[in-house]
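Right, one structure below, let's go through it.
In what follows, chains are A, B, ... by sequence order, proteins preceding strands, each numbered from 1.
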Number of protein chains: 2
Amino acid sequence: MTETATTVPSKTAGSKSEQAYTAVKARIVEGTYTPGYRLVLAKIAEDLGVSVVPVREAIRRLEAEGLVTFERNIGATVSGIDPTEYLYTMQTLSIVEGAATALSAPLISAPDIARARAVNAEMRDCLQHFDPVRFTRLNQDFHSVLFEQCPNPHLLDLVHRGWNRLASLRSSTFRFVPGRAHDSVNEHEALLQLIESGAGADAIEQAARRHRSATLDAYLQQANHQEHS
Amino acid sequence: MTETATTVPSKTAGSKSEQAYTAVKARIVEGTYTPGYRLVLAKIAEDLGVSVVPVREAIRRLEAEGLVTFERNIGATVSGIDPTEYLYTMQTLSIVEGAATALSAPLISAPDIARARAVNAEMRDCLQHFDPVRFTRLNQDFHSVLFEQCPNPHLLDLVHRGWNRLASLRSSTFRFVPGRAHDSVNEHEALLQLIESGAGADAIEQAARRHRSATLDAYLQQANHQEHS
DNA sequence: AAGTACGAAATAATATACGATTATTGTCCC
DNA sequence: GGGACAATAATCGTATATTATTTCGTACTT
């Protein structure tokens, strides 16, 4: 559930290009290639045992997803995210994820809810001896349950792209903003109850959106505070 | 205002690849290449006076935007949109466009509003001797005024992609659903008044979203009706 | 010693070439 | 006359080769 997910099925499975795409994407999302890392076509091509053409193609696809930045005659680097970019990404994600969660909600089964609640319990547990990496992974698992049933594949794809983008930063907000992780767990439980109660789509959408906005706000306050100190 | 718009500035301007991308995209959006049209790499390459490699790259970028469909060892064709796809696209657009409009609203100036109102007056005029092509173009101009000020470039880009996708179908809903064009013009005026009155972001977002949902619903009813007749 | 100009190395961008896969057409057999 | 199979053509996928651009180091000048 944690691995890279692409909703729109590619009709090019098995091609070297696809292979390169998957391999490089995985390295970025899992953190082997960190932001700023310089992606040299020839090097990657050699690593993967293919020529540069498919690699180039793969990297341009990743550019379209925002995971790498490409500059003419210069090359590709793994995208960093400055505070402004972070804001844009989180804001966009709050919108599409909120909508996806709302559309998904009526299709979520009782076992799904139970599974999400179990994950959230682990998260609460994780608050003691805090492990940001594990917490972040659990957080993704939790939200996956909520939005993965979304019947609109385009919308779901946008959600995945946002998550991938955030995942490419290893640093989660939870690491930087004390108390946010705790609040987050509580909001999760509230979200689950809302869905269980069969609340309307609007209510669920707003709750899901606010949940993410709250994370963004926490980050911004922290950033602002650090700036003025 | 009507032409193809890409928000995220490409750092590859001037390259053959970029040139091919722009050329092919324009041909699709303006309707030279209609849905189902077979995009043969060698042919396009010759037309543009470049080799196949940049063309291939361009086409894969268009694939990522949903404008073309690529199948392994078969080739690329301009994407059609079946009813299901149309639903997904419109639904997604209703979400991102609604949010973009809400974020844009506080930044819209009085002259902008006046311009939008003028466009809408033209649309109303256009209702007499109905010209779907012109009406559709004016419709895009109108909405551009509303969302183009959106300060979040990622979100704005998603809106542009949705519009491009719809533009690649020449057929607008207005052509097929009698009365929808008329309703649309009225909803536009209501939207403008809402923005002028300084309404809250939520109200504007919902209104903008419903405006698009109404177009979708009109289409679906029509489609459903035709099916059962 | 600092700055600049030049050149070599690295790398990207594009072109060309070839093998692989799929579509098409024609022919043979029933 | 129609269907199956084979040959051919069209087109894609990838590799290799060439060209253009940038970067970095070095030597030369002031």
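Not counting sequence neighbours, the partners of A:Ala116 by the side-chain contact (heavy atoms from CB on, under 4.5 Å) test are A:Phe142, A:Val145, A:Leu192. Residues meeting the salt bridge (Lys or Arg N to Asp or Glu O under 4.0 Å) test with B:Arg134, sequence neighbours left out: B:Glu122. Annotation: salt bridge (Lys or Arg N to Asp or Glu O under 4.0 Å) contacts of B:Glu85 (sequence neighbours excluded): B:Arg165. When the side-chain contact (heavy atoms from CB on, under 4.5 Å) test is applied to A:Pro151, the partners found at least two apart in sequence or on another chain are A:Leu103, A:Leu107.
Taking 4.0 angstrom as the limit, B:Lys43 places none of its side-chain polar atoms (N or O) nearer than this to OP1 or OP2 of D:dA10. One finds a side-chain N or O of A:Arg56 lying less than 4.0 angstrom from the OP1 or OP2 phosphate oxygen of C:dA13.
Here the P atom of nucleotide C:dA23 and the CZ atom of B:Arg72 are 13 Å apart, to the nearest Å. Distance A:Lys16 NZ to C:dG19 P: 15 Å, rounded to the nearest Å. One interatomic measurement links the two molecules: CD of B:Glu71 to P of D:dT11, which rounds to 16 Å at whole-angstrom precision. Remark: C1' of D:dT14 and OH of A:Tyr21 are 20 Å apart, rounded to the nearest angstrom. Following rounding to the nearest Å, A:Ile59 (CD1) and C:dA13 (P) show an atom-to-atom distance of 10 Å. Nucleotide C:dA13 holds its C1' atom 17 Å from the CG atom of A:Leu39, rounded to whole Å. Atom P of nucleotide D:dA10 and atom CZ of B:Arg38 are separated by 13 Å, given to the nearest angstrom. In this entry the distance linking CD of A:Glu57 with P of C:dA12 reads 16 Å, nearest Å.
Proximity note for B:Val50 (side chain, C-beta onward) versus D:dA15, D:dG13, C:dA15: the nearest is C:dA15. Closest approach to the B:Ser15 side chain among C:dA13, D:dT11, D:dG13 is made by C:dA13 (side chain taken as heavy atoms from C-beta onward). Taking only side-chain atoms of B:Leu41, from C-beta outward, the nucleotide of C:dT14, D:dC12, C:dA12 with the closest atom is D:dC12. Here the side chain of B:Val40 is nearest to one of D:dG13, C:dA12, D:dT11, namely D:dT11. The side chain of B:Val52 sits closest to C:dT16 out of D:dA15, C:dT16, C:dT21.
Between its opening and closing five pairs, the helix from C:dA1-D:dT30 to C:dC30-D:dG1 changes axis direction by 10°, a value rounded to 10 degrees.
In this structure, A:Leu62 CG and A:Arg60 CZ are separated by 11.5 Å, a value rounded to the nearest 0.5 Å. Taken to the nearest 0.5 Å, the CG atom of B:Leu155 stands 11.0 Å off from the CD1 atom of B:Ile95.
When each of B:Asn73 and A:Ile74 is assigned the nucleotide of DNA chain D bearing its nearest heavy atom, the one mapping closer to the 5' terminus is B:Asn73.
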For residues 33-51 of chain B, dump all side-chain donor-acceptor pairs below 3.5 Å to protein atoms at least two apart in sequence or in another chain.
{"from": "B:Tyr33", "atom 1": "OH", "to": "B:Arg27", "atom 2": "NE", "distance (Å)": "3.4"}
{"from": "B:Arg38", "atom 1": "NH2", "to": "B:Ile74", "atom 2": "O", "distance (Å)": "2.5"}

